[in-house]
Every structure is written in C-alpha cells, then in structure tokens.
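Scroll down for the structure; my scribbles are underneath it.
By convention here, the first residue in the shown sequence is residue 1.
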Amino acid sequence: MQISKQEKIKIGVTVALLVIAIAISMSSVRGTVAGGDEEALHNATLHCFYDNGTNQYNMSVNFTFYLYNGTNFPEITDSYDLGDNLTLWVTYSPKVQIGYNKQLIIRATVADSLNNTVTPLPTIGNFSVDISSSVEDGLSLTLPASALEEDYRDQDWIIFKLRLPYKSNVVLTLLFMVGILWVMEAIPLVATSLMIPIFGVLALDLGAKGLLAPFAEPVIFLFLGGFIISKAMNKTGLDKWISLNIVRISPDNPKILMLLMMIVTAVLSMFMSNTATAATMIPIAVAVTDKLKVNKEIDEESIDRYGKALILGIAYSASIGGIGSAIGTPANPIAIALLSEYAGVQITFTQWFAFGLPIVFLMLPLVWLYLWMVYKPKVPKNSITNAKTAVKKELDNLGHLNKKQIYVLSVFLLALVLWFLEGTIKKFLFPQFSSSVVAVIAAFMLFLPSIFEKSKILIGRDVNDLNWNAILVFGGGLVLGVILTESGAGDLIAYSLENLGISSGIMFIALIALVSIILTFIASNTGSAAILVPLVIPLGLLFHIDPVLLAVVAAIGSSVDFMLPQGTPPSMIAYSTGKYQIKEMVRIGSLVDIFGLLLIAFVLPFFWRLVGLVYF
C-alpha cells in the first residue's frame, strides 16, 4: 500500500496538531474540582435585588458549603427578613457530591407573610451568587441565575446551577482531538464519531450504556425517517416528477424559471437530504440549459452564464432550504436534542419552522437577485420555450403519477399533517406522541406495501442505501455534547469567557454566528454544530441571553457555508459539473456568507424576540 506525499503531509500535520492540543489541554486546564481527597470548604454570597414597583430591597447573605467525594446532604433552608413582611429564602446542600454529571444547585425566592411568592415575581437577572475557596482547584466565580421554576407548593424559585468540573482537562483533550480529526479528515468522519464513546469509556471511566444511548435518541429516528421518505421519493421518481412539472408550468421567462427552481429545491430540501435534492435538481438544470443551445440566435456564452447562475442557485437553495425544517440538515436536530436535554426546552417539528423559515424567505430572493446580477445572463424570454418542450416530452415519457408515486405522496402528506398536529395529538389523544414517532410511522408505511410483490416500494435492501455515515456522525456529535455538558467542561469554558468584556447581547450573538460560519469552512456542519451547541447553552445562562437563541444561531450558522466547494454536498455537486473554478465559487460564495451572517446576527434575533420565541 502506497501513501501519497499529500496524504503523508496531512497525517503529519494532524499528528502534530493532536500532540500540541493534548499537551496544552492536559497541562493548562483544570481537571476535577477540589473535594476528592478531603472536603473542600467554599464560601458563597447571595446578592438579592427586588423591586415591587413601590419599594426596592437589597440584601447580601453569606453561607458555606463543602464539595466532597460522597453523597449529597439533604438541603437546608435559611430565611432572612427583607422588611415590609417580605422574606428572602435560600436553599442549598451543605455538602455537595463531586463527580461526573454532578451539580451544585442553589435556590432562592422572595415570599410574603403568607409564604407565597411575591408579585411581581423576582427577576433572575437581579440575583447572583459569588463563590470562592482558598482550596487549590476550588471554585472561584460569580454564578448567575439560570431559571425561575415552580415547585410542588406553587412557589417560584430562582435557580442557580453549576455542573462541577470532572476530568475537564481530559474532556477538552477529547474536544480538541475530535475537532482536529473532523477538520483534517485524516480518518473518516464516522470513525472519529465512533471514537468518542470509546474515549469516554477508556479515559473517563463512563458507562457504555449512557454513552451509546445518544445514537438512539428520538431525534435520530426523526432524521432517519426523513432519509427513508427521501429514499422512497427518489426510488419512485416522485421527486423528479415534481421538479419537471414545476419547469413545465413556469412562465416563459428565464429569470422566473430560475426562481421557481430555487424555490422547489429549497422546499424539497426541507424534507429530503440536501444532497439528494441537489443530485435531483442540478441534472434537470443542466438539461434545461443544454436545450437552450438549440436556439442558434443566443450566443453560447450567455447560455453558459445562465447555466452557472441556475446551477449555483439550486446548490445554494438546497443548503438554505435545509435550515427551514427540523430534519433538513443534521445541525438542526442536534440543537433540538441538546436543548431538550440540558436547557429543558422542547422544540417541536412545527416550532422549528418559526426559527428556520424566516431565513429561507429572506435569503432565497437575495441569492436569486445576487446571482442574476453577478452573471448577467442575456437570455430572451421566449428562449425557454424550447427547453420546456423537451421537458414536456420527458414528462410524457414518464406519464402520469403511478400508484406507487401516489402512495408515497400520500404518506408524505400524512406525515406533514401529523407533524403540524403534534401538539394537538399530544394534548388530547396520546401524551407521549412526538415528531419522531411520526417519522417512524411514515417509514413503516413505506415498507408496508412490500408484502405484495407488485406494489412494493421500499424493501429491506433499500436501508443499505441510506446515509448511515451522516447518522453515525450525528450520533457521535450528540455523544460529544453529552460528555462536554455532563463533565462540566462546557460550564468551565463558559465561565472562562466571562472576562471577554462583551456587554452587548447582540454583539455576542454575532460572535457566535461568526464562529459557527468560520468553523464550517474547515469542518462539516454536523461537526461544527456538535462542537458549538453544547458550549453556547451555558454561555447563554452566563450572559443572560436565551440559550435557545444561541443554540439556534450556532446550528443555523453552521449551515451558512457557500464559499468553498467542500463546505456542503450541494456546492460540491455544483462544482463537479465542471462549470466553475474554485476561486470563482469563493468570490461569489463569500458575499452569500456575509448575507447569512448579517441576517443571523442582526435581523433574525429581533424577529424571534418580537414573536416571543427568545429573549436577550
């Protein structure tokens, strides 16, 4: 087996980067928090400010607790008189256990003389806890409030939570290793993903059951169901039939035809993989432009410019459309799964549309106009007639929708209806119903006709053709997120960034968007989301920005990569047509990336806040 010079350089650079990353993380990052060998005393000061509209109340109270290698002691509650029959209650455990997935939890509330939570409710931004310790590797930080939660007595408590660092140096070593391997691709992405749970068992002494569970998360089956629907549409030719009919009914206007094909691509990409969508639509675009060359009155250079604009528009639309739905691209369900697990926020299939569709509606027309301005194709309106005639002939050969295509279309529409009715079904019929169950139902129904030989649509062997690489990389990303969060490494990184000096919430959002886009230049969007999303959730709590907002920005930003051919599969498919040079794609795609960054950072957050989805 011969190794090329380029491969040797890649392997050498990868090994060098791994050695540097391991050395830095193991030598300069805190491992497990103090309290393993002996009890570690910590001092805490709770700062309270409450304004009821008439009077303002300030108080700082001191208490102590120990971190140690044992079981949590029962909570104790202290009370302090604020005046005017108001009482500050503080609840905490005097001895807190350290280890993997262990948390320090402090609760506080302001109650009236009847022990009811005051009205108006306390504001979480007006409470904080300073923690310090003289013990080596003890905690030293200001802990912000993370939530306002109601207990079983209907009292509202302000909650302070901190995941205690456990082998954080080892965990950050894992993070650097995965990031380097995903960027350099010295080994396949899927191999790196499978390495993550192995590392967790061998280096962190974690249970295999807990580490492998994310590979079977409900959101994995939501994504898998989307792949199966996509496979059925592709196998029966339904996707091609829909696309060709859009061309057939479009007006004889090349500019409008381009817009319609971009819209169809974006819509299909919401429910099919963007790779399959681009692989379906780009050959149709090539065929349309080839038919234009029959008209000798149009110079070939103008047709080539139109073809370039059309093909690149379709590639960009496939990536943009994937942002729109929960199953459009792996980054979206990664954000959904981690927000559910670690922020307690459930984003349903339909709720994601409120996050994703606005950027689709804004970017599609911008990209369409931009590409038209860049290439300036001079194609007469009546020149499309020849292309449409060829499309009609191909449709005549395909015929009307057959029974299999009608069945697949019916299953797809049923899945859409059930996804949109998820909340109603859960409320009135089946409390455990979810969008993942809908995906499994749709997949089951597409395999069901195989019991009849002549009517079968999908058979067992078709599962082999699914994008298992993407599913395993997706699962590995979820495992990485679990380890980063439950080891306390995510919180550690968040609190180390506290001194960034960024006071503007919108500028911090812009920073997250920029980092996610830049990271996607060198890594897959799945890898970028898997690295960033678990880190931004504690950052949101620290900087008093909705963690949902930061997670969604990180996920969407990881899909906004139009500059490099290897950035997304649709861009690579467009590049493989041989019509573009890399420098041309970089020049054109860089401005599209800037469009996306400006929208994600400075437009969409205000829209999401306006409709009540997020706060900042």
Side-chain angles (χ1 to χ4, degrees), residues 179 182 214 217-220 222-223 226 269-270 273-274 318-343 345-360 362-363 435 470-471 473-482 484-485 490 508-521 523-540 545-562 567-568 593 596-597 599-601 603-605 607-608 613-614 616:
W182 270 342
E217 276 280 322
V219 73
I220 292 279
L222 173 64
F223 205 58
S269 189
M270 291 181 194
S273 74
N274 55 14
S319 297
I320 293 169
I323 298 171
S325 81
I327 59 173
T329 181
N332 301 349
I334 283 176
I336 291 171
L338 293 178
L339 281 170
S340 172
E341 183 72 20
Y342 299 114
V345 178
Q346 307 292 332
I347 298 179
T348 65
F349 184 88
T350 51
Q351 285 173 338
W352 182 270
F353 285 121
F355 289 106
L357 283 183
I359 194 169
V360 177
L362 291 170
M363 282 202 72
S435 53
I471 292 171
V473 172
F474 179 18
L478 292 180
V479 178
L480 179 63
V482 168
L484 277 172
T485 304
F508 191 78
I509 295 166
L511 176 63
I512 298 299
L514 179 62
V515 170
S516 65
I517 292 173
I518 291 175
L519 186 57
T520 311
F521 289 167
S524 69
N525 71 332
T526 307
S528 300
I531 291 170
L532 281 178
V533 171
L535 299 181
V536 300
I537 290 175
L539 279 173
I545 301 173
D546 194 341
V548 174
L549 172 58
L550 295 185
V552 169
V553 165
I556 292 178
S558 67
S559 297
V560 179
D561 180 16
F562 306 98
T568 61
D593 283 355
L597 173 62
L599 289 174
I600 296 170
V603 177
L604 291 177
F607 170 77
W608 294 330
L613 292 173
V614 299
F616 62 94

Can you list the steps and then say if F562 with I320 is a side-chain contact (heavy atoms from CB on, under 4.5 Å)?
CA-CA 10 Å; F562 306 98; I320 293 169; 3.7 Å; yes
Once ring pair (Phe, Tyr, Trp, His ring centres under 6.0 Å) is applied, do any residues pair with F349, and if so which ones, sequence neighbours excluded?
F353, W419
Output the distance between atom [atom1] ([X]) and atom [atom2] ([Y]), rounded to the nearest 0.5 Å.
X: Y342; Y: T485; atom1: OH; atom2: OG1; result: 5.0 Å
X: I334; Y: S558; atom1: CD1; atom2: OG; result: 7.5 Å
X: L550; Y: L511; atom1: CG; atom2: CG; result: 10.0 Å
X: L613; Y: L549; atom1: CG; atom2: CG; result: 10.0 Å
X: L597; Y: I517; atom1: CG; atom2: CD1; result: 4.5 Å
X: L514; Y: I509; atom1: CG; atom2: CD1; result: 13.5 Å

Which atom pair, heavy atoms only, marks the closest approach of [X] to [Y]?
X: I323; Y: V560; result: CD1-CG2, 4.2 Å
X: P214; Y: G475; result: CB-O, 4.3 Å
X: I556; Y: I359; result: CG2-CD1, 3.9 Å
X: A554; Y: S516; result: O-CB, 3.6 Å
X: S325; Y: N332; result: O-ND2, 2.7 Å
X: M270; Y: I327; result: O-CG1, 3.5 Å

Got a sec, which residues hit side-chain contact (heavy atoms from CB on, under 4.5 Å) with [X], two or more places apart in sequence or on another chain?
X: V548; value: L339, V345, I347, F355, D546, V552, V614
X: S340; value: Q346
X: A318; value: T265, S269, N274, A278, P570
X: I220; value: E217, I471, F474, L478

Carefully, step by step, assess V553 and W608 under the rule side-chain contact (heavy atoms from CB on, under 4.5 Å).
CA-CA 11 Å; V553 165; W608 294 330; 4.1 Å; yes
Please walk me through it: do D561 and D593 pass side-chain contact (heavy atoms from CB on, under 4.5 Å)?
CA-CA 6 Å; D561 180 16; D593 283 355; 4.0 Å; yes
Sub-3.5 Å donor-acceptor pair from the side chain of W352 to the main-chain atoms of L357, do we have one?
no
